[in-house]
Amino acid sequence: MSGTEKAKAHAEQAKGKTKEAMGRMAGNERMTTEGRADQAKGNARRTKEDVKDNLSH
């Protein structure tokens with residue numbers, strides 16, 4: 001996995017976890033859902049890069 005894409009995936013996952021936690025504390029369901037979506041985007045980016053790495057080896 002390229003370092004840049006790995007960092008982007010990790011940042012999206014961390015952002016999503018933070019947003020989800022803040023949404024739960026504030027009782028804001030929309031923010032909680034957005035946090036989960038950000039985490040899913042990070043997971044998808046990471047999976048895509050893992051697949052690319054496996055195909056190139």
Report task. May I have the step-by-step check of salt bridge (charged side-chain N to carboxylate O under 4.0 Å, His left out) for Lys15 and Glu12, ending in yes or no? Result -> CA-CA 5 Å; Lys15 174 185 161 189; Glu12 264 181 332; over 6 Å; no
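Qualifying salt bridge (charged side-chain N to carboxylate O under 4.0 Å, His left out) partners for Lys41, counting only residues two or more places apart in sequence or in other chains: Asp38.
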Using residues 16-27 as the side-chain source, report each donor-acceptor pair under 3.5 Å to any protein atom, sequence neighbours left out, with the distance given to one decimal.
{"from": "Thr18", "atom 1": "OG1", "to": "Ala14", "atom 2": "O", "distance (Å)": "3.0"}
{"from": "Glu20", "atom 1": "OE1", "to": "Gln39", "atom 2": "NE2", "distance (Å)": "2.6"}
{"from": "Glu20", "atom 1": "OE2", "to": "Arg24", "atom 2": "NH2", "distance (Å)": "2.9"}
{"from": "Glu20", "atom 1": "OE2", "to": "Arg36", "atom 2": "NE", "distance (Å)": "3.3"}

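By the 4.5 Å heavy-atom criterion applied to side chains, His10 and Lys6 are not counted as neighbours.
Gly42 approaches Ala9 most closely through the heavy-atom pair O-CB, 3.6 Å.
Rounded to the nearest 0.5 angstrom, Glu29 CD and Thr33 OG1 are separated by 4.5 Å.
Between Glu49 and Lys52 a salt bridge is recorded (basic side-chain N to carboxylate O distance below 4.0 Å).
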